[in-house]
Amino acid sequence: MDPKKDEPEQRRSDKKKSVIVAEESPEAKEAKEKKLKEKKREVHSYAQEIMADLEYRQQFKVTENVDGEETDLTPNYIPDYPYIDQFLTFNVHLKHEITNMHLLHSRSSASRSRTRQSMRGGVGGNKQSIDELINGIIYETIVFDPSNVDEKQEEHKPVPFKKSFVKITLRKSEFFKIFNQIGTTVAKGTPQGDQVEADNRAYDYLTVGKGKVRRRSDNDAQTTIVLTNSRAVNTIFVDYATVGSYVSNFEMYDTLEGVEQRKSRYSTMHSLSKPSDGEDDEETQMDEAATAYFEEEEAREREKAKNMAQQLFMSETFKTAVLYIGRTLSSNLYMSGMQRFRNFRRVDRCSTDAEYKYSMKLLFRLIPVPSHDERKAISDISFCTSNSDILAISYGLFSFSAQHVPLSGDVYVWSIKNPGEPERAYYYNIPVTAICFSPYLPSLIAIGLYDGSVEVRDVSSFNTPTIAVSQRSTSPSCSPVVAIRWLKQVTDDDLNEVDPFLSLSQDGSVTRFGLTKTPYLLGFTQMTLERIEGHPEGIRVPLSPTSTVESNRHPQGLYITTHPVQKDIYYILTDEGCIHKCSINYQHQYLEVLKCHDGGVNVMEFSPWSPKLFLTCGNDWYVRIWIDGITRPLIELLDDFQPVHWANWSPTHSTVIVSMNRDSVSIWDIRRNILKPMGKHEMDSSYNTIGQFSNSGTTLVVGNERGNALFQALDDMPFAPHFQYDEMEKAIYKAIGNDQELFIELKSIGFFGYPNKNLQYQVNVIWCYTYYSNGFN
């Protein structure tokens with residue numbers, strides 16, 4: 001190393017050090033080094049915060065259950081002591097340099113010339129000389145005077161509360177007793193009477209007078225629980241026991257004496273007047289005459305007793321008494337089934353035991369006594385609209401292709417209060433095929449028979465005869481009646497007349513009947529169906545390559561239904577798989593024809609939450625959901641490869657559909673799954689024929705070919721949504737989400753619920769707002 005070359009560098013470094021480092025005494029240096037060592041030993045505030053966060057983080061443990069084993073996934077701690085020491089050392093050194101920078105600069109500038117101090121400027125608040133600026137730029141020691149810099153303090157701006165919830169803690173307060181009064185009766189004028197009058201005045205002041213105007217508020221935290229009493233509370237349970245009774249000789253003697261007195265008097269007379277061997281023939285003739293007289297008298301008494309029994313049995317009072325006794329006895333046998341039918345046992349929404357199994361429970365079955373010793377199938381079921389406990393069931397023929405046709409038919413009116421025996425019974429010499437209660441006059445019932453005749457009965461009393469019967473002159477059809485539907489009077493001109501009804505026959509003719517003051521129905525032909533040619537709107541069914549000629553140019557009618565809103569519109573279902581939309585204002589003319597199934601259409605039912613949405617079921621194994629205005633099915637449901645006899649919407653759940661074939665009943669929920677039913681249940685060993693929901697919607701009545709009606713309760717069902725239409729609309733849009741064209745067509749229809757739904761919703765919102773405003777104010 002060359003010492004001559006190192007001299008300039010050493011001088012430069014000495015010169016630079018002479019500017020930065022100030023001369024200090026040895027005592028000051030030792031004190032400063034001791035102070036630095038003590039600072040190094042102390043833990044800085046940054047280190048304290050970091051260590052506190054690390055200790056708080058080490059309290060948590062992250063675990064995950066993998067294949068039944070618990071695995072620890074807590075991140076391991078990575079030590080960073082070297083980085084923390086470097087960061088703290090740098091911060092301490094930087095703080096020390098900034099603190100001593102102003103002191104070092106003032107000491108170095110004091111020994112310099114002060115001739116240029118007058119050139120200091122005030123640019124930007126920097127009061128330094130030119131030499132100080134030059135030295136500061138070279139040695140990076142420029143110091144700004146913090147006392148001359150104006151610091152602007154930011155004004156405090158309040159931040160609005162943007163959270164979507166407010167946390168409220170409710171605590172039970174003390175019980176405040178405002179007033180208490182015990183019912184007492186004392187003499188007026190006594191001290192007790194004066195006290196009672198004072199209590200009465202205080203009560204009137206708090207309830208009627210000015211005392212009732214006091215500050216109060218009504219706050220609702222949860223929905224109030226409706227407290228209901230079960231039927232078992234008011235009914236005394238009947239106990240059965242074998243009890244022995246004491247009978248003395250006197251009771252036995254009186255009983256036997258009464259039996260002996262009821263014996264025929266001629267037998268006693270004959271035994272007492274038995275002729276002996278020595279008596280003559282004259283006495284024998286007298287005995288024979290007496291015996292004949294007593295026989296005639298006994299026969300006369302028996303006939304009188306028989307007539308009295310017949311009069312008693314025909315008495316309406318006696319029938320009513322027997323009816324009440326039968327209801328009382330049945331309530332002891334079918335108590336649990338009656339309570340479930342009346343919805344006395346409901347599952348609490350807050351219960352932890354609620355399960356969605358879509359199950360069915362048999363409550364009871366209606367077993368009729370067959371007339372003429374014939375087994376007849378259930379052909380139709382109809383519930384009374386004003387009393388949900390009453391239903392009418394027709395017994396006769398269900399399948400018109402059956403090999404054996406019964407010779408008679410029955411109509412039984414049952415009550416849920418007495419499932420053991422019908423309360424009304426009507427017998428016919430031909431099978432009964434259709435039945436329907438009037439929704440406008442609930443006591444009237446229309447009955448359709450196998451020979452095409454129709455009659456109307458009043459079931460409100462026992463001995464009421466038939467009100468009206470159809471005639472061949474006005475209703476010439478001889479085919480079986482397959483369906484009956486009552487119509488509402490469209491105009492107000494005939495308010496005193498009974499509403500008419502439509503009757504659909506198997507030959508495709510629709511007859512409209514009206515009730516008059518005569519004992520005959522006034523009927524005329526409303527529509528005669530014709531076979532459809534070509535390809536109607538709806539599903540595409542390929543035509544047969546071979547041309548066929550039908551033996552009958554009229555299709556077979558299978559079902560008839562009416563529109564829920566438009567009272568003049570009705571629909572006819574045929575064996576061609578088509579739905580004919582007709583109007584009572586246009587005879588022998590269709591409004592629309594829709595192809596729904598590749599085979600017969602058995603049932604068409606509108607949704608209780610939409611007058612445009614309806615379902616159909618047919619012999620091609622499908623249940624299809626349609627909407628008025630779109631000629632394509634929205635949803636198709638297929639489970640078993642069997643014809644679907646009956647299907648309908650659930651009255652309590654807008655997305656639940658129940659379908660039935662000859663073997664089982666399927667429960668669909670389009671909100672959850674449209675590929676398979678949520679529940680499938682086998683019914684009785686006999687084939688199913690028809691089904692019907694109760695008015696409450698919680699019980700399904702299934703009829704079979706044996707004549708039994710099974711009451712199946714829908715158990716373990718999901719809780720009904722509060723907004724039924726919104727849930728149904730959401731489920732339909734979800735089901736057709738993959739079909740973009742169908743989605744656009746459905747969107748173009750818009751709202752397809754009932755017209756007053758939005759208005760009713762607005763009224764409810766306004767009412768709730770008014771109620772709560774008045775309550776809190």
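All heavy atoms count here, side chains included; hydrogens, waters and symmetry mates do not. On a predicted model such as this, the values are computed, not experimentally measured, just so you know.
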**OP:** Write down the atom of Lys595, the atom of Trp626, and the distance for their closest heavy-atom approach.
**Re:** O-CH2, 3.7 Å

Subject >> Non-hydrogen atoms of Met683 and Val665 that approach each other most closely >> reply: CG-CG2, 3.8 Å

Subject >> Thr561 side chain to Tyr571 backbone, donor-acceptor under 3.5 Å >> reply: no

Subject >> Other residues, nucleotides, ligands: >12 heavy atoms within 6.0 Å of Tyr324 OH >> reply: no

Original post:
Can you name the side chain to side chain contact (heavy atoms under 4.5 Å, CB included) partners of Leu558, sequence neighbours left out?
Top reply: Gln556, Asp575, Asn602

Original post:
Counting only heavy atoms not in Tyr622, do more than 12 sit closer than 6.0 Å to its OH atom?
Top reply: no

Original post:
Using a distance-only test with no angle check, is there a side-chain donor-acceptor pair under 3.5 angstrom linking Asp716 and Ser359?
Top reply: yes

Original post:
Once you round to the nearest 0.5 Å, how far does CG of Asn343 lie from OG of Ser694?
Top reply: 7.5 Å

Subject >> Donor-acceptor contact present, side-chain Trp649 to main-chain Pro608, <3.5 Å >> reply: no

Subject >> Exam field: side chain His563 to backbone Val565, donor-acceptor pair closer than 3.5 Å >> reply: yes

Below 3.5 Å, can you tabulate the donor-acceptor pairs from side chains in residues 438-445 to any protein atom, sequence neighbours excluded?
| from | atom 1 | to | atom 2 | distance (Å) |
| --- | --- | --- | --- | --- |
| Ser438 | OG | Tyr440 | N | 3.3 |
| Ser438 | OG | Leu441 | N | 3.1 |
| Ser443 | OG | Asp458 | OD1 | 3.3 |

Subject >> Flag for Ser654-Gln724: side-chain donor and acceptor within less than 3.5 Å >> reply: yes

Subject >> side chain to side chain contact (heavy atoms under 4.5 Å, CB included) partners of Asp598, counting only residues at least two apart >> reply: Val541, Asp620

Original post:
When you look at CZ of Arg365, are more than 12 heavy atoms from neighbouring residues, nucleotides or ligands closer to it than 6.0 Å?
Top reply: yes

Original post:
Does the Asp684 side chain pair with the main chain of Tyr687, one donor and one acceptor, at a distance under 3.5 Å?
Top reply: no

Original post:
Should Tyr358 and His681 be marked as a ring pair (Phe, Tyr, Trp, His ring centres under 6.0 Å) after you check the CA-CA gap, both sets of side-chain angles, and the distance that decides it?
Top reply: CA-CA 10 Å; Tyr358 298 84; His681 309 279; 9.2 Å; no

**OP:** Output, in order, the C-alpha distance, side-chain angles, deciding distance and verdict of ring pair (Phe, Tyr, Trp, His ring centres under 6.0 Å) for Tyr725 and Tyr754.
**Re:** CA-CA 9 Å; Tyr725 171 79; Tyr754 280 91; 9.3 Å; no

Original post:
Is a side-chain donor or acceptor of Asp499 paired with a backbone partner of Lys488 at a separation under 3.5 angstrom?
Top reply: no

Original post:
Under the 3.5 angstrom rule, does the side chain of Thr689 hit a backbone N or O of Gly703 as a donor-acceptor pair?
Top reply: yes

Original post:
Between OG1 of Thr699 and CG of Leu714, what distance do you get to the nearest 0.5 Å?
Top reply: 7.0 Å

Original post:
Can any side-chain N or O of Ser382 pair as donor or acceptor with the backbone N or O of Phe437 at less than 3.5 Å?
Top reply: yes

Original post:
In terms of side-chain heavy atoms, does Ser379 have a donor or acceptor partner in Ser394 at a distance below 3.5 Å?
Top reply: yes

Subject >> Donor on one side chain, acceptor on other, Glu455 and Tyr428, under 3.5 Å >> reply: yes

Original post:
Salt bridge between Asp715 and Lys357, side-chain N to carboxylate O under 4.0 Å?
Top reply: no

**OP:** Could you tell me whether Asp739 atom CG has more than 12 heavy atoms of other residues or ligands within 6.0 Å of it?
**Re:** yes

Original post:
Do Tyr395 and Glu374 have side-chain atoms, one donor and one acceptor, less than 3.5 Å apart?
Top reply: no

**OP:** Starting at CD of Glu729, measure out to CZ of Phe752 and round the result to the nearest 0.5 Å.
**Re:** 5.0 Å

Subject >> Between Ser685 and Arg706, a side-chain donor and acceptor under 3.5 Å >> reply: yes

**OP:** Measure from the side-chain N and O atoms of Arg671 to the backbone N and O of Glu727, and report whether any donor-acceptor pair falls under 3.5 Å.
**Re:** no

**OP:** Take Tyr334 and Phe711, measure what ring pair (Phe, Tyr, Trp, His ring centres under 6.0 Å) needs, and give me the verdict at the end.
**Re:** CA-CA 12 Å; Tyr334 305 101; Phe711 280 71; over 10 Å; no

Original post:
Does the side chain to side chain contact (heavy atoms under 4.5 Å, CB included) test come out yes or no for Val701 and Leu366, once each step is laid out?
Top reply: CA-CA 10 Å; Val701 183; Leu366 307 181; over 6 Å; no

Original post:
Would a distance-only check, ignoring hydrogens and angles, find a side-chain to backbone donor-acceptor pair under 3.5 Å from Arg485 to Thr562?
Top reply: no

Original post:
So, does Ser479 use its side chain to make a donor-acceptor pair with the main chain of Ser505 at under 3.5 Å?
Top reply: no

Subject >> Test: Glu423 and Lys417 ion pair at under 4.0 Å >> reply: no

